[in-house]
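In what follows, chains are A, B, ... by sequence order, proteins preceding strands, each numbered from 1.
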Amino acid sequence: MSETPRAKTFVFMDLEATGLPNVDPEIAEISLFAVHRSSLENFVRDDKGMPVLPRVLDKLTLCMSPQRPFSAKASEITGLSSEGLARCQKASFDGAVVRTLQAFLSRQEGPLCLVAHNGFDYDFPLLCTELQRLGAHLPPDTICLDTLPALRGLDRAHSHGTRAQGRKGYSLGSLFHRYFQLEPSAAHSAEGDVYTLLMVFLHRAGELLAWADEQPHHWAHIGPMYTPPEPLSLHD
DNA sequence: TGCCAGGCCCTCTTTAGGGCCTT
């Protein structure tokens with residue numbers, strides 16, 4: 001019997017931020033789709049084979065103004081900019097964001113499993129950094145699933161003994177195209193990418209649920225991407 | 001001037017190199 005209870009709600013997430021880890025990025029947009037395990041176990045497909053989005057789905061998407069500038073590339077691909085966010089009077093990733101996030105998560109049956117693509121190397125450490133800066137925490141029994149190594153691992157196990165034909169792409173867009181022969185819509189909006197992630201997950205739902213159950217990664221073991229700079233002193 | 005992620009995976013590998021993946 002596993003010591004870790006199976007997650008009851010899967011929270012699919014994506015972050016848009018000011019850049020890649022080499023610039024110590026800050027979050028500019030976060031999107032979460034919370035889906036109960038029962039919906040993932042019992043989803044249906046339409047007549048074209050596309051998974052039908054679960055009818056019962058909680059969504060949260062928030063934009064916020066980072067305190068440091070966007071890299072040119074990040075601004076280009078996300079369509080977000082410091083000026084645009086400031087014009088809309090968006091506050092930074094602050095206590096209000098944390099309380100909203102915690103309230104959203106508290107509505108879901110736990111334990112929770114956060115799901116992100118390349119989450120171990122990007123989304124989870126970056127979210128951890130922002131939460132740590134504010135002294136905030138997620139529920140202690142939260143686990144997390146990174147669909148990038150999970151899908152690579154599943155495919156490797158599937159093709160064991162046979163030579164895989166060529167090197168497959170495992171970007172979120174590549175997976176969506178491979179599974180559905182379609183281009184993902186609204187790439188690099190946080191909500192668009194979470195939708196793409198959820199569709200990719202549903203296509204392999206049985207295997208990915210088993211993966212999450214059999215090798216849970218605890219949120220408590222996620223470390224920050226970097227140490228945030230000290231808050232500005234009142235004395236300059 | 002030079003600094004400017006990092007863990008994983010594949011292969012023309014293992015005494016290594018290079019590309020992927022996230023913005």
Taking for each residue the nucleotide of DNA chain B bearing the nearest heavy atom, is the 5' side occupied by A/Asp123 or by A/Val23?
-> A/Val23

Length of the CE-C1' vector between A/Met225 and B/dT22, whole Å = 8 Å

Which value, in whole Å, describes the distance between the P atoms of nucleotides B/dT15 and B/dC20?
-> 25 Å

At under 4.0 Å between heavy atoms, what does A/Tyr226 touch on the DNA or RNA strands: base, sugar-phosphate, or nothing?
-> nothing

Using atom P of each nucleotide, how far apart are B/dG7 and B/dC12 to the nearest Å?
-> 26 Å

How is A/Gly119 classified with respect to the nucleic acid when contacts are heavy atoms under 4.0 Å: base, sugar-phosphate, or nothing?
-> nothing

Pairwise P distance for B/dT1 and B/dG18, with rounding to whole Å = 27 Å

Answer yes or no for A/Arg55 and A/Phe43: cation-pi contact, defined as NZ/CZ to six-membered ring centre under 6.0 Å and angle to ring axis within 45°.
-> no

Salt-bridge present (A/Arg99, A/Asp94; N to O < 4.0 Å) = no

Spacing of A/Lys73 atom NZ relative to B/dT23 atom C1', expressed in whole Å = 10 Å

Touch class at under 4.0 angstrom, heavy-atom based, for A/Asp24 against every strand present = nothing

In terms of side-chain heavy atoms of A/Asn22, which of B/dC9, B/dC4, B/dT22 is nearest?
-> B/dC4

Could you state the NE2-P distance from A/His217 to B/dC8, rounded to the nearest angstrom?
-> 9 Å

By nearest-heavy-atom nucleotide on DNA chain B, the more 5' of A/Gly173 and A/Pro149 is A/Pro149

Of all the heavy-atom pairs spanning A/Phe180 and A/Val200, show the shortest one and how long it is.
-> CE1-N, 4.3 Å

Just how far, in rounded Å, is P of B/dG6 from CG of A/Asp146?
-> 17 Å

P spacing across the pair B/dC4 / B/dC21, given as an integer number of angstrom = 24 Å

Please determine which of A/Thr4, A/Thr142, A/Asp141 meets the side chain to side chain donor-acceptor pair (under 3.5 Å) test together with A/His218.
-> A/Thr4

Check whether any side-chain heavy atom of A/Phe70 sits under 4.5 Å from a side-chain heavy atom of A/Leu85, and report yes or no.
-> yes

Value in whole Å for how far the P atom of B/dT22 lies from CZ of A/Phe70 | 18 Å

Round to a whole Å and report the spacing from CG of A/Leu151 to P of B/dT22.
-> 12 Å

Using the P atom on both, measure B/dT13 against B/dG19 and round to a whole Å.
-> 16 Å

Which nucleotide in the set B/dG7, B/dT23, B/dA5 lies at the smallest distance from any side-chain heavy atom of A/Pro21?
-> B/dA5

Is the shortest side-chain N/O distance from A/His117 to OP1 or OP2 of B/dC21 below 4.0 Å?
-> no

Quick one: label A/Leu126 by what it contacts on the DNA or RNA (base, sugar-phosphate, nothing), any heavy atom closer than 4.0 Å.
-> nothing

Same-atom distance (C1') from B/dT14 to B/dC9, integer angstrom = 14 Å

Kindly point out which of B/dC9, B/dG6, B/dT23 is positioned nearest to the side chain of A/Asp121?
-> B/dG6

Whole angstrom is fine here: how far is it from CD1 in A/Ile77 over to P in B/dT23?
-> 6 Å

Any idea how A/Phe120 and A/His217 line up, ring-wise: parallel (<30°), tilted (30 to 60°), or perpendicular (>60°)?
-> tilted

Could you tell me whether A/Asp193 contacts a base, only the sugar-phosphate backbone, or nothing, with contacts defined as non-hydrogen atoms closer than 4.0 Å?
-> sugar-phosphate

Could you check how far OH of A/Tyr122 sits from C1' of B/dC8, rounded to whole Å?
-> 18 Å

Closest to the side chain of A/Arg156, out of B/dG6, B/dC4, B/dC10, is B/dC10

